[in-house]
Amino acid sequence: MRKPIRWILWGLLFALLLLLPRLVSFYYLNMVIAFAIFSLYAVTLNILLGYMGVLSFGHAMFFGTGAYAVALVLQHIEGFPLIPTLLVGALAGGLLALILCPLLVRVSGTAFAMLTLAFSQLIFVAALKYREVTGGEDGINVTAVPPLNIPGLVSIDMTDKVHFYYFAMAVVVLCLYLLWFYTKTPFGSHIMAIRDNPLRMDYLGFNLAQTKAINLVVSGTFAGIAGAVHALLMKLVATFGVLDINTSFKPLMMAYIGGIGSFFGPIVGSGVLHLLEDVVIRFTDRIGLVNGTIFILVVLFAPQGLIGLISSFKAKWSAKERS
Amino acid sequence: MSPTAVLYTAQALHGLAYGMLLFLIASGLTLIFGMMGILNIAHASFAMLAAYFCYSVMKITGNFWIALLIAPIIAGLIGILTERFLLRPVHKQGHLAELLITVGIMMLILELVKLFWGTESLVVKIPQSLSGLVKIGGLTYPVYRLFVIGLSLMILGFMALILFKTRLGKIVRAAVSDAEMVSALGINTPLVFMTVFGIGIWLAGVAGAVAGPLLTVFPGMADQLGMDAFVVVVVGGFGSLLGAFIVALFLGELNAYGIQFIPRLAPVLMFAFMALVLAFKPLGLFGERE
């Protein structure tokens, strides 16, 4: 695609996002916010899976700690402002990644998947049992979403659906842009190089453990932000929903269905799964059946996901045109 | 025996019964991992499936023994088909793809179970001959739990016999340590893989069918059994049968006594124990390879 066309497409997408509250009902507005949150969440998983080549099987722990941190802060500190709330979520996710990274950088492959699953289960069970703090299965209600306060300028009420939509989208788009930028930096290439040839990177004098650790913390931090926005959207943080194993599987399916080889793959996957859910739920309650089947088919026949399928079609097409 | 001693012995037997069940599930899991490098997330789902089969077969025939015999075999056959048509095609894509396939299978089994049997807990009735209580020196203990311990020990002995005394066992042990070499020696490893996968699922199926009357049969069964078995395999060391055995028994006891003394902490204790082991030995207590 040539550059001007690409810019026009981005502009159109941006305009669509801006005008959306006028076009669709609140129900779909909520769906779009959820789609955006899970896009960010799936992209943070892909920062590990696609770029570093390790499968975080318990990614919900970062998402969940972010969400719980937000809920706890809002529950215990009255009048806590909005932006710091998000930072608390980011800090919680990042801190957890920082605590775990000495262990996680030592392993790769299946062992990494199992370690992350193990720790996410530890956190899940602990959150389930310590009901004084976390509310157990009932969770914590986020009773009041604080207004967006810029001292001296404005105070925007966040209980308004449309306002919250703009706020959530701004946060998610900003985070996605930062992550996209991050993967394009030299540091991002180092991570991919470590995935492709760790031995060589080691001989070239790169500090593998440190590089991996930083990437883990970045992934955890942004997953924490996704969890924070999720907590503000749902107004309820409960163990089943932010910390359970299904919350870990969801972004994995999104990333895989969209395609882990591309930055935008997980976003596509998130969109596909949310649309699919909206359609399927009209016919049956068994969404898992449809999702699971699609997931297996994708792993079997299209390991590069939808984006991979599209680009392979494109390659075939252009080869035909040339001949 | 004094009442306290009775209580302690009863808890110890409870722990032993649960530990043996865990070992039945974990042994298949760890063997499959050791040979094929696949972490079978759906392993406990097959155990649950067998429990449901057991319920249905019993409903049709009215005989617990037939159900106990047939249910694990059906589960094992499904396991073999799964290996042949879902896992083998992605084998060349690496372990990650195989792991993801098993995640998909786990979701499918859960949904299918809910579709066919509903979400309520189903009760499997124990036959008359196993339902009573037995007195052992002042301790009254349910016969069924003793039966579970006995059956598990029997299967354990049988498996050890196969593993250490037959040609198939020799091949399996060789394949655990170096699958490529075994394949290079002219042994049909895909066939061996398929057989081991089937046997592993069958073992899990036996555990699931036997656990049915103890835990009741419900869709969350796979999560409960699966997580515990997962801890056993991780702590015991990936691919180590001995490790799985020791840790399964230990966790069974930890569970039993934990529930008695620190009911709230018991599950947390289990995962904390795992985290502690992994912090110092990332490959598990008896594990040798990644």
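Side chains are part of it too, since the values below use all heavy atoms of this structure and drop only hydrogens, waters and symmetry mates. Numbered from 1 within each chain, the chains take letters A, B, ... in sequence-line order.
- When all heavy atoms are compared, the tightest approach of A:Gly288 to B:Met107 is O-CE, 4.1 Å.
- Annotation for B:Gln93: atom CD counts as buried by contact number, over 12 foreign heavy atoms lying within 6.0 Å.
- Residue B:Leu99 touches chain A through its side chain alone, counting heavy-atom pairs closer than 4.5 Å.
- Looking at heavy atoms from C-beta onward, B:Leu39 lies in side-chain contact with A:Met114 at the 4.5 angstrom threshold.
- Not counting sequence neighbours, the partners of A:His59 by the ring pair (Phe, Tyr, Trp, His ring centres under 6.0 Å) test are A:Tyr41, A:Phe62.
- Contact annotation: the side chain of A:Phe57 approaches that of B:Val103 to within less than 4.5 Å [non-hydrogen atoms, C-beta and beyond].
- Neither the backbone nor the side chain of A:Ile123 comes within contact range of chain B, judged by heavy atoms closer than 4.5 Å.
- You'll find the side chain of A:Leu117 reaches within 4.5 Å of the side chain of B:Met227, heavy atoms only.
- Among B:Ile41, B:Leu110, B:Val233, B:Val234, the residue making the largest number of heavy-atom pairs under 4.5 Å with chain A is B:Ile41.
- Residues A:Phe249 and B:Met106 form a side-chain contact, since some pair of their non-hydrogen atoms from C-beta on lies under 4.5 Å apart.
- At most 12 heavy atoms of other shown residues, nucleotides or ligands fall within 6.0 angstrom of atom CE in B:Met181.
- Contact of A:Leu300 with chain B is made through backbone and side chain together, with heavy-atom distances under 4.5 Å.
- Heavy atoms closer than 4.5 Å to chain B are found nowhere in A:Leu128, neither backbone nor side chain.
- B:Leu100 approaches A:Val299 most closely through the heavy-atom pair CB-CG2, 4.1 Å.
- Looking at B:Ile105, both its backbone and its side chain come within 4.5 Å of chain A, counting heavy atoms on both sides.
- More than 12 heavy atoms of other shown residues, nucleotides or ligands fall within 6.0 angstrom of atom CZ in B:Phe261.
- Residue contact with chain A, scored on non-hydrogen atoms closer than 4.5 Å, involves the side chain of B:Leu96 exclusively.
- Residue contact with chain B, scored on non-hydrogen atoms closer than 4.5 Å, is absent for A:Ile294.
- Across all non-hydrogen atoms, the minimal contact from A:Ala118 to B:Met274 is CB-CE, 3.1 Å.
- The CZ atom of B:Phe271 lies 9.0 Å from the CZ atom of A:Phe124; values are rounded to the nearest 0.5 Å.
- When heavy atoms are compared at a cutoff of 4.5 Å, B:Ile38 does not approach chain A at all.
- Closest approach of A:Ile296 to B:Leu108, counting heavy atoms only: CD1-CD1, 3.6 Å.
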